[in-house]
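Values below: every heavy atom of this structure, side chains too, minus hydrogens, waters and symmetry copies.
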Amino acid sequence: MTSKIEAAESLYPLLREEAEEIERSRRLTPNVFEALHGIDAFRLQLGERYGGLALDPFDYLRVVEALSRGDASSGWCAMVGSESSACVNAFLAPGVVQSMIVDNPEAIVAFTVVGGGTAEKCSDGYLASGRWRFASGCRHATWLSSMCVVYESGKPVLRENGAPLTRIMFARAADAIIHDTWDVSGLRGTASDDFELDQVLIPNEHTFDFTGPALDSSPAWRIPVALRLAMSKAAAVCGIARGAMDALLPMLERKPFAGAVPAKEEPRIHVTLAEAEASLEAGRAFLYRNVERAWKRVQNEHTLSLSDIADTRLAIVWSARQALNSLHLMQEMAGTGAVFDEAFDRSARDLGVARHHMQLQSHIVEDVGRVLVGFEPRNPMF
């Protein structure tokens, strides 16, 4: 899907021009929204039956990476919106998908499972209450999605294994209370605030069981949902790091504080720049190799083994770590410019926040190691 990647890259001038205002206001600007809607950035994985692009995982990651290179918050919001609409596409009935998304071209879905909530069964569906965090894109969303523990007659409903039954709930954003909590150093424009529901009625058809099978028969849904959501975070981080490199190169034209020639003429810069490039590209290559391998397996109607998942999980975390290592080398080259150049400083702060996402943490590597020695992972969503 080269044309869609090229469309994302064509937005670089606009995204970089709007980046300062995005950060200042902690919201995507109207101009950016219009441009992202123009390339269907919030619906990259929507099924073809609904007029969507249905990008395969490999091409989807490249678009997320490209947008994140232009502006981290814009790429992140497009990623969350696209994946959220993909879950609607895959797990809800066609008529519901039509009414929620297709009939409203401007509709955006924001999905988070961080937080806690309850859903009391009633005759019309569920009464949902709770508060959830890190709801990226919630300020511009039409629908907000969260995970709730199902209750009936005041008691939690249990699965056969004794674990609480949970369901994903899609509520209208207008029915939620949004709390302004996202005042952080990076990814400020994602507006990843908290939202709260208080006895909001959710029709049964607007809910699904995260552990259940997808209604969409596309091979992409043979990749576990949690793994799909993790892949894109790594792609975004790689894109943000590449954006930092874009900001660094013009800085090397300047003369250092105590130097007689531009930094780009110094041998130490040549070595460090090559090392930064190698680190970033090595991580990317590891990520895309394993994503492509997983994609080929499910296309051939294979189910991913635990070993396949572990390989991909390791590539996800490691590519993010290599991107961060690349950034540290860039900061060394930038010197004091690392904090005085707005574009570079913003990319560094954006990456500093993005790399803390739960899908990129050390506990993932621990579970990979457990699989490598023949144990089961601790994380049930591995």
Side-chain angles (χ1 to χ4, degrees), residues 8 11-38 41-42 64 66-85 106-115 131-146 171-197 232-233 236-237 239-241 243-244 246-247 327 338-360:
L11 300 184
Y12 287 167
L14 171 66
L15 295 178
R16 289 169 177 168
E17 180 180 345
E18 301 282 311
E20 184 177 348
E21 177 59 21
I22 289 172
E23 182 171 59
R24 187 200 65 78
S25 65
R26 296 185 296 144
R27 307 284 188 273
L28 300 190
T29 64
N31 287 340
V32 168
F33 268 124
E34 182 179 359
L36 292 176
H37 278 301
F42 298 106
V64 168
L67 290 173
S68 300
R69 180 178 180 176
D71 173 65
S73 291
S74 299
W76 198 273
C77 285
M79 171 186 69
V80 171
S82 185
E83 290 173 345
S84 301
S85 64
E106 301 297 309
I108 298 175
V109 188
F111 184 103
T112 182
V113 295
V114 182
R131 180 164 172 164
W132 295 267
R133 304 178 65 194
F134 307 126
S136 299
C138 64
R139 293 286 178 174
H140 58 251
T142 313
W143 299 92
L144 296 174
S145 180
S146 58
R172 294 185 183 277
D175 292 332
I177 303 166
I178 297 180
H179 299 276
D180 190 349
T181 56
W182 192 248
D183 191 4
V184 294
S185 60
L187 292 179
R188 290 174 60 82
T190 63
S192 302
D193 291 314
D194 293 12
F195 74 88
E196 183 179 357
L197 300 178
S232 58
K233 309 306 177 292
V237 165
I240 298 169
D246 292 339
L327 174 67
V339 292
F340 285 108
D341 186 275
E342 290 183 3
F344 184 85
D345 178 53
R346 182 168 48 249
S347 292
R349 288 184 286 103
D350 287 337
L351 182 53
V353 171
R355 53 92 55 175
H356 285 290
H357 193 279
M358 64 181 180
Q359 298 280 21
L360 306 176

Exercise for the section: May I ask you to decide if Ala78's main-chain N or O and Ser82's side chain share a donor-acceptor pair within less than 3.5 Å? Expected result: no
Handout entry: Salt bridge Arg349-Asp345, side-chain N to carboxylate O under 4.0 Å
Key = yes
Practice task
Give a yes/no verdict on a cation-pi contact between Arg16 and Tyr12, requiring under 6.0 Å between NZ or CZ and the six-membered ring centre and an angle within 45° of the axis.
Solution key: yes
Practice task
Determine the interplanar angle of the Phe42 and His140 rings, folded into 0 to 90°, and report it as parallel if under 30°, tilted if 30 to 60°, perpendicular if over 60°.
Solution key: tilted
Exercise for the section: Please list, chain by chain and in numerical order, all residues satisfying salt bridge (charged side-chain N to carboxylate O under 4.0 Å, His left out) with Arg355, sequence neighbours excluded. Expected result: none
Exercise for the section: If a pair satisfies salt bridge (charged side-chain N to carboxylate O under 4.0 Å, His left out) and one of its residues is in residues 73-84, list it, with sequence neighbours excluded. Expected result: Glu83-Lys233
Problem - Test side chain to side chain contact (heavy atoms under 4.5 Å, CB included) applied to Ser185 and Val353, step by step - result: CA-CA 7 Å; Ser185 60; Val353 171; 3.6 Å; yes
Exercise for the section: Step by step, work out the side chain to side chain donor-acceptor pair (under 3.5 Å) result for Trp76 and Ser68. Expected result: CA-CA 7 Å; Trp76 198 273; Ser68 300; over 6 Å; no
Practice task
Could you list the residues that satisfy side chain to side chain contact (heavy atoms under 4.5 Å, CB included) with Glu106, not counting sequence neighbours?
Solution key: His37, Asn104
Practice task
Scan for salt bridge (charged side-chain N to carboxylate O under 4.0 Å, His left out) pairs involving residues 171-182, sequence neighbours excluded, and state none if there are none.
Solution key: Arg26-Asp180
Problem - Pairs satisfying salt bridge (charged side-chain N to carboxylate O under 4.0 Å, His left out), at least one member in residues 133-142, at least two apart - result: Arg139-Asp193
Completion exercise
Heavy-atom nearest pair, Ile108 first then Phe33, reads CD1-CE2, 4.1 Å
Practice task
Hey, could you give me the NE2/CG distance between His357 and Leu187, rounded to the nearest 0.5 Å?
Solution key: 10.0 Å
Handout entry: Sidechain-backbone polar pair: Ser145 side chain, Phe111 backbone, donor-acceptor under 3.5 Å
Key = no
Problem - Qualifying residues under salt bridge (charged side-chain N to carboxylate O under 4.0 Å, His left out), relative to Glu21, sequence neighbours excluded - result: Arg24
